[in-house]
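Data first, discussion second: the structure below is written as structure tokens.
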Amino acid sequence: MRTLATLPLPSGPAVLDAVDDLHAIIDGTIAALPVPAGDPREIERLESALGAGEQIDDDIALVIATSGTTGVPKGALHTAATLAASAAATDARLGGPGGWLLALPAHHIAGLQVLLRCLRGGFTPVVIDVARGFDPADLIRGIDAIEGPRRYTSLVPTQLIKVLDDPNATAALREVDAVLVGGAATPILLQQRAVDAGIPIVRTYGMSETCGGCVYDGVPLDGVGIVLDSANADGVGRVILRGPMVARGYRNVPDHSAFAVPGEYRTDDLGRLDDGVLSIIGRADEAITTGGLTVVPQVVEAAILSDPAVAECAVFGLPDERLGERVVAAVVPSTGATIDPERVRAVVIERLDRSAAPRDVHIVDGLPLRGPGKVDRAALRRSLS
């Protein structure tokens, strides 16, 4: 047995001081728990929940904290083999190893994988500091510094919006070989804006439990299988992911139902397969029951985001004496746009149904996030209830 070691990873270029430890994760010679350097409260929370300083199986190289909806961190257990399988599959899909620019927190799986893929390919990552927010000007300088025969980066949708609002950053991002976009669903209008601007975006789907993205543009990476459990008449079912990059399980949670079958991870996502292409419909654990009907927030969000005046939105349920729950939306206006709440409701009624239309529409400057790019619906419920 080895001991699980805390690995503080700072924001910005200082993270490269941990290169030796990152190589040790790749080689499988240590078991590391990445934590955000400079955040004592979060470090203590993760160390306590995930057993830092305690024994762990010899083949575990990484315990990566999830950013799940419950607020209680779980730690996905990865080996050198699961990480290697993920990197190889990514390289195969993107066209080969290359240099990477890190514009995400390094202690989450998406940011950590940027570093690990780059180092595995024999290149030094370029890192920009996002501790105080994402500045497109930093991205421009960072892209210029990427080395390697191919150049990659990874962004979340909110960062991509900022890039597209900056002509110089858009021009710079156009020159890389691939931009992985994940962490949250990428709205169709945002996808189209990026494609029209010539940015080579690749929409990714995955999670800490699968070493990050394992489905690119709806198509599983080599070695990845997708099963839809209990699919309904519309072909929508619970997504189960199979493959060599699936975690061994969760730290100190033996026999968790999500890992009931070795090599499989049962997600909380609802999806549909059309000619082998996966579409994520929403999350089973975020469905809203209103007036006896079930509303999937992500479906409503897609309808609202069809309005160019809306840059971002989040839909959630709040308690209602008559309906049980009422549908509520928080929307962020596009640059220079004005949002009409009645128009928001009308778009949903037109595209879906009156029962799915939000009864309350809150116009906000930004959405609270948990992890890189995921909307914190619990925080929205607290602030807007």
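Between Ser334 and Val310, the closest heavy-atom pair is OG-C, 3.4 Å. What you find for Val15 and Leu115 is that their closest heavy atoms are CG2-CD1, 4.0 Å. For the pair Glu286 and Arg377, the tightest heavy-atom approach, listed with the atom from each and the gap, is OE1-NE, 3.1 Å. A pairwise comparison of heavy atoms in Gly142 and Ile128 identifies CA-CG2, 4.4 Å as the closest pair. Here the shortest heavy-atom pairing between Arg120 and Ala80 reads NH2-O, 4.4 Å. The two residues Arg343 and Asp307 come nearest to each other via the heavy atoms CG-OD2, 3.8 Å.
Taking hydrophobic clusters as Ile, Leu, Val, Met, Phe, Trp and Tyr residues chained together by side-chain heavy-atom distances below 4.5 Å, Ile363 does not share a cluster with Leu367. Note on Ile56 and Leu50: same hydrophobic cluster, where clusters join Ile, Leu, Val, Met, Phe, Trp and Tyr whose side-chain heavy atoms are under 4.5 Å apart, directly or indirectly. When the side chains of ILVMFWY residues are joined at heavy-atom separations under 4.5 Å, either directly or via intervening members, Phe316 and Val296 end up in two distinct hydrophobic clusters. Residues Val236 and Ile288 fall within the same hydrophobic cluster, defined by Ile, Leu, Val, Met, Phe, Trp and Tyr side chains chained together at heavy-atom separations under 4.5 Å. Under the 4.5 Å side-chain heavy-atom criterion for grouping Ile, Leu, Val, Met, Phe, Trp and Tyr, Leu83 is connected to Trp100 within one hydrophobic cluster.
Note on Arg151 versus Asp144: no salt bridge recorded, every NZ/NE/NH1/NH2 to OD/OE distance being 4.0 Å or above. Ion pairing between a basic and an acidic side chain is recognised when a charged N comes within 4.0 Å of a carboxylate O; Arg326 and Asp360 show such pairing. Salt-bridge annotation for Arg45 and Glu42: present, with a side-chain N of the basic residue lying under 4.0 Å from a carboxylate O of the acidic one. With respect to Asp165 and Lys162, no salt bridge is recorded, no charged nitrogen being found less than 4.0 Å from a carboxylate O. A salt bridge links Asp59 to Arg248: one of the charged nitrogens lies within less than 4.0 Å of a carboxylate oxygen. Taking the charged nitrogens against the carboxylate oxygens, Arg238 and Asp268 do have a contact shorter than 4.0 Å, which makes a salt bridge.
By the 4.5 Å heavy-atom criterion applied to side chains, Val35 and His107 are not counted as neighbours. With contacts defined as side-chain heavy-atom distances shorter than 4.5 Å, the pair Thr153/Leu173 qualifies. A 4.5 Å side-chain heavy-atom check between Ser154 and Leu104 finds at least one atom pair inside the cut-off. Contact annotation: the side chain of Leu380 never approaches that of Val364 to less than 4.5 Å [non-hydrogen atoms, C-beta and beyond]. Between Pro200 and Asp177, the closest side-chain pair of non-hydrogen atoms is not below 4.5 Å. Using a 4.5 Å heavy-atom cutoff, the side chains of Thr66 and Met207 are not in contact. For the pair Gln298/Ile280, no side-chain contact is recorded, criterion being any heavy-atom separation below 4.5 Å from C-beta on. Val156 places none of its side-chain heavy atoms less than 4.5 Å from the side chain of Phe134.
Put simply, NE2 on His108 and CD on Gln113 are 14.0 Å apart, with the number rounded to the nearest 0.5 Å. Taken to the nearest 0.5 Å, the CG atom of Leu190 stands 4.5 Å off from the CG atom of Leu160. With values rounded to the nearest 0.5 angstrom, Arg351 atom CZ is found 11.0 Å from Ile304 atom CD1. To the nearest 0.5 angstrom, Thr170 atom OG1 is 7.0 Å from Arg174 atom CZ. To the nearest 0.5 Å, atom CG of residue Asp135 and atom CG of residue Asp129 are 11.0 Å apart. To the nearest 0.5 angstrom, Ile25 atom CD1 is 5.5 Å from Leu62 atom CG.
Applying the 6.0 Å contact sphere to CG of Asp255 captures no more than 12 heavy atoms from other residues, nucleotides or ligands. Counting heavy-atom neighbours within 6.0 Å of Arg359 CZ, excluding the residue itself, gives a total of 12 or less. Within a 6.0 Å sphere centred on CD1 of Ile188, heavy atoms belonging to other residues, nucleotides or ligands number 12 at most. Other residues, nucleotides and ligands place no more than 12 heavy atoms under 6.0 Å from the CD atom of Glu44.
Side-chain atoms of Arg266 never come within 3.5 Å of backbone atoms of Ile240 as a donor-acceptor pair (strictly under, hydrogens ignored). With Glu312 contributing its side chain and Thr158 its backbone, the two residues share no donor-acceptor pair below 3.5 Å. A distance-only check finds a donor-acceptor pair linking the side chain of Thr290 to the backbone of Glu325 [under 3.5 Å]. Checked by atom type and distance alone, the side chain of Glu147 never pairs as donor or acceptor with a backbone atom of Gly99 at under 3.5 Å. For the pair Arg93 (side chain) and Pro220 (backbone), a donor-acceptor distance under 3.5 Å is present.
Between Tyr265 and Phe259, the ring planes are tilted. Angles from 30° to 60° get that label.
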### Task
Kindly determine whether Gln159 and Leu139 satisfy side chain to side chain contact (heavy atoms under 4.5 Å, CB included), including the steps that lead there.
CA-CA 10 Å; Gln159 293 174 317; Leu139 181 79; over 6 Å; no
### Query
What do the steps show when you test Thr79 against Ile60 for side chain to side chain contact (heavy atoms under 4.5 Å, CB included), and what is the final call?
CA-CA 5 Å; Thr79 66; Ile60 301 301; 4.1 Å; yes
### Message
side chain to side chain contact (heavy atoms under 4.5 Å, CB included) for Tyr250 and Glu209? Distances and angles first, verdict last.
### Response
CA-CA 9 Å; Tyr250 289 126; Glu209 293 85 348; 2.5 Å; yes
### Task
Report the C-alpha distance between Ile281 and Arg272 in whole Å, list the side-chain angles of each, state the deciding distance to 0.1 Å, and finish with yes or no for side chain to side chain contact (heavy atoms under 4.5 Å, CB included).
CA-CA 7 Å; Ile281 306 302; Arg272 184 180 62 241; 3.6 Å; yes
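The side chain to side chain contact (heavy atoms under 4.5 Å, CB included) test with Tyr152 singles out one residue from Leu101, Thr90, Leu94, Val176, and that residue is Leu94. Between Tyr205 and the options Asp269, Asp217, Thr210, a side-chain hydrogen bond (donor to acceptor under 3.5 Å, both in side chains) holds for only Asp269.
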